[in-house]
Amino acid sequence: MLNLVLFGPPGAGKGTQSQKLIDKYQLVHLSTGDILRSEIAQGTTLGGEAKKLMNQGMLVPDEVVIRMISNKLDSNPNAKGFIFDGFPRTVAQAEALDELLETKSSSISGMIALEVNDDELEKRLLMRGKQSGRPDDANPEVIHNRIVEYNSKTTPVANYYKEQNKFTSINGIGTIDEIFSSIGNVIDQF
Ligand code: B4P
């Protein structure tokens, strides 16, 4: 099984690259951001709670996203593998993911981190905010909060995978196809 963690700050291009990766490798795409936005759109209780936090640029509680991922793993028993996009975002989520995969006699193949500087991130997210109307992309203060959350809670997740020799970082600036090709080169080494 190919189980890939796509990592990087908000706006690094995880969602963009995931779309291309699922086509090429026939993996199941698990984006916690997409699942949460779908809960919000459906007006569920979980969506209502998540909306308040997401609109401030804060992370949703670990137990909520871990339960969501656990359900998705259970509902795809015949998957060739998974792309974890935007998850894990904390060390507790990374530990829980290892435990969930172990119960399925599987494990993470590797983490690929997209490196993009803060100025470029802000530019991309504000641009998307104008086109998509995503409230967390429309406001520079919220974008700043997301980057702060990333630096304090999510960056340590990279060390978790470095300690397991499963971490590779690549340049996330360039054309979408150039970055996709760099990711493919890393996957070929797994
Ligand atoms: P996410 O939905 O995961 O989104 P993201 O980090 O904003 O974006 P991503 O990196 O996928 O960027 P994209 O490809 O779209 O998170 C949203 C919120 O959900 C979080 O803030 C948090 O509140 C909550 N959440 C989600 N998961 C959670 C978890 N596990 N635990 C707790 N809370 C969680 O690209 C962005 C833009 O850049 C696009 O407009 C794209 O067109 C552009 N772009 C992409 N590649 C480019 C390139 N090479 N050059 C130029 N532009 C590019």
Side-chain angles (χ1 to χ4, degrees), residues 4-22 29-41 46-73 82-97 100 111-157 160 169-183:
L4 180 67
V5 175
L6 211 49
F7 189 73
K14 305 181 291 287
T16 305
Q17 295 298 330
S18 292
Q19 289 310 321
K20 294 176 75 72
L21 288 163
I22 50 178
H29 179 210
L30 296 186
S31 158
T32 39
D34 287 351
I35 303 169
L36 290 166
R37 280 186 289 278
S38 140
E39 295 279 344
I40 293 171
L46 190 161
E49 293 296 318
K51 186 177 176 179
K52 286 182 218 146
L53 293 161
M54 289 169 75
N55 285 353
Q56 295 169 60
M58 311 299 287
L59 292 183
V60 172
D62 287 337
E63 54 279 15
V64 173
V65 283
I66 292 167
R67 200 166 56 238
M68 282 174 4
I69 288 288
S70 173
N71 292 341
K72 291 285 176 187
L73 291 177
F82 294 91
I83 299 182
F84 297 96
D85 162 9
F87 179 91
R89 259 178 159 95
T90 64
V91 172
Q93 292 180 19
E95 288 168 349
L97 180 58
L100 286 172
M111 164 183 269
I112 300 178
L114 300 173
E115 304 286 347
V116 178
N117 63 57
D118 290 357
D119 287 349
E120 172 74 12
L121 296 174
E122 194 168 335
K123 210 166 71 190
R124 288 184 189 180
L125 293 174
L126 284 171
M127 177 110 68
R128 181 170 65 183
K130 282 189 197 136
Q131 292 154 1
S132 73
R134 242 178 81 168
D136 60 341
D137 284 344
N139 178 332
E141 198 183 320
V142 173
I143 291 175
H144 175 75
N145 287 347
R146 287 161 69 191
I147 295 173
V148 170
E149 280 279 270
Y150 176 80
N151 288 333
S152 65
K153 295 181 185 161
T154 306
T155 308
V157 178
Y160 181 84
S169 95
I170 63 164
N171 184 3
I173 296 186
T175 69
I176 289 168
D177 285 340
E178 280 165 355
I179 297 161
F180 183 60
S181 153
S182 306
I183 294 175

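Just so you know, residue 1 is the first one in the sequence shown, and it goes up from there. Counting starts at 1 for both ligands and their atoms, in listed order. Fair warning: this is a prediction, and the values are worked out from it, not measured in the lab.
- Taking every heavy atom of I179 and a limit of under 4.0 angstrom, the matching atoms of ligand 1 come to 49 (N).
- Each of the following atoms of ligand 1 lies closer than 4.0 Å to a heavy atom of G174: 48 (C), 49 (N), 50 (N).
- Remark: minimum distance from atom 33 (N) of ligand 1 to any protein heavy atom is reached at V60 N, 3.1 Å.
- Judged by the shortest distance from any of its heavy atoms, G11 lies inside the 4.0 Å radius around the atoms of ligand 1.
- The shortest side-chain heavy-atom distance between V65 and L59 does not fall under the 4.5 Å cut-off.
- Contact check for V5 versus I112: no side-chain heavy atoms found under the 4.5 Å cut-off.
- For ligand 1, the atoms sitting less than 4.0 Å from at least one non-hydrogen atom of Q93 are 29 (C), 30 (N), 31 (N), 32 (C), numbered in the order shown with element in parentheses.
- No donor-acceptor pair closer than 3.5 Å links the side chain of S169 to the backbone N or O of A113.
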CA sep, side-chain torsions, deciding dist, call: R124, D137, salt bridge (Lys or Arg N to Asp or Glu O under 4.0 Å): CA-CA 9 Å; R124 288 184 189 180; D137 284 344; over 6 Å; no
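- Heavy-atom proximity to P9, at under 4.0 Å, picks out these atoms of ligand 1: 10 (O).
- Between N55 and K52, every side-chain heavy-atom pair lies at or beyond the 4.5 Å cut-off.
- Of the possible donor and acceptor atoms, none in the side chain of R146 sits under 3.5 Å from a partner among the backbone N and O of P10.
- Judged by distance alone, the side chain of E120 and the main-chain N or O of N117 form no donor-acceptor pair under 3.5 Å.
- Nearest approach of F7 to T154, heavy atoms of both residues: CZ-O, 3.3 Å.
- Ligand 1 has at least one atom lying under 4.0 Å from a heavy atom of R37.
- Among protein heavy atoms, the minimum distance from atom 11 (O) of ligand 1 is reached at G15 N, 2.9 Å.
- Q93 contributes a side-chain N or O that, together with a main-chain N or O of R89, makes up a donor-acceptor pair within less than 3.5 Å.
- Residue contacts with ligand 1: Q56 is excluded, as none of its non-hydrogen atoms falls under 4.0 Å.
- Heavy atoms of G8 stay at 4.0 angstrom or farther from ligand 1.
- Of the candidates K51, E120, Q17, M54, the one placing a heavy atom closest to atom 18 (C) of ligand 1 is M54.
- Nearest heavy-atom pair across G57 and V142 is N-CG1, 3.7 Å.
- Using a 4.0 Å cut-off between heavy atoms, K14 contacts ligand 1 through both its backbone and its side chain.
- Put simply, the side chain of T90 never gets that close to the backbone of K153: no donor and acceptor are under 3.5 Å apart.
- No part of S31 comes within 4.0 Å of ligand 1, judged by heavy-atom distances.
- Considering backbone and side-chain N/O atoms, M58 comes within less than 3.5 Å of an N/O atom of ligand 1.
- Of all atoms in ligand 1, numbered sequentially from 1 with element shown, those under 4.0 Å from a heavy atom of R146 are 5 (P), 7 (O), 21 (O).
- Using a 4.5 Å heavy-atom cutoff, the side chains of E95 and Y160 are in contact.
- Residues A138 and P140 approach most closely at O-CD, 3.8 Å, considering heavy atoms.
- At a heavy-atom distance under 4.0 Å, no atom of Q19 approaches ligand 1.
- Formation of a donor-acceptor pair under 3.5 Å by the S38 side chain with backbone atoms of D34 is not found in this model.
- Among E149, K130, R124, Q131, the residue whose heavy atom lies nearest to atom 50 (N) of ligand 1 is R124.
- R134 NH2, 3.5 Å is the protein heavy atom nearest to atom 17 (C) of ligand 1.
- With a 4.0 Å heavy-atom cut-off, ligand 1 is reached by the side chain of V65 but not by its N, CA, C or O.
- Among the atoms of R89, some N or O lies under 3.5 angstrom from an N or O of ligand 1.
- Which parts of ligand 1 touch R128 is read off a 4.0 Å heavy-atom cut-off, strictly below it: atoms 7 (O), 8 (O), 12 (O), 13 (P), 15 (O), 35 (O), 36 (C), 39 (C), 40 (O).
- Of the candidates L36, L125, T16, T32, it is L36 that places a heavy atom closest to atom 25 (N) of ligand 1.
- Of all the atoms in ligand 1, the ones that sit under 4.0 Å from a non-hydrogen atom of F87 are 30 (N).
- Within the listing of ligand 1, atoms 27 (N), 28 (C), 29 (C), 30 (N) sit less than 4.0 angstrom from a heavy atom of G86.
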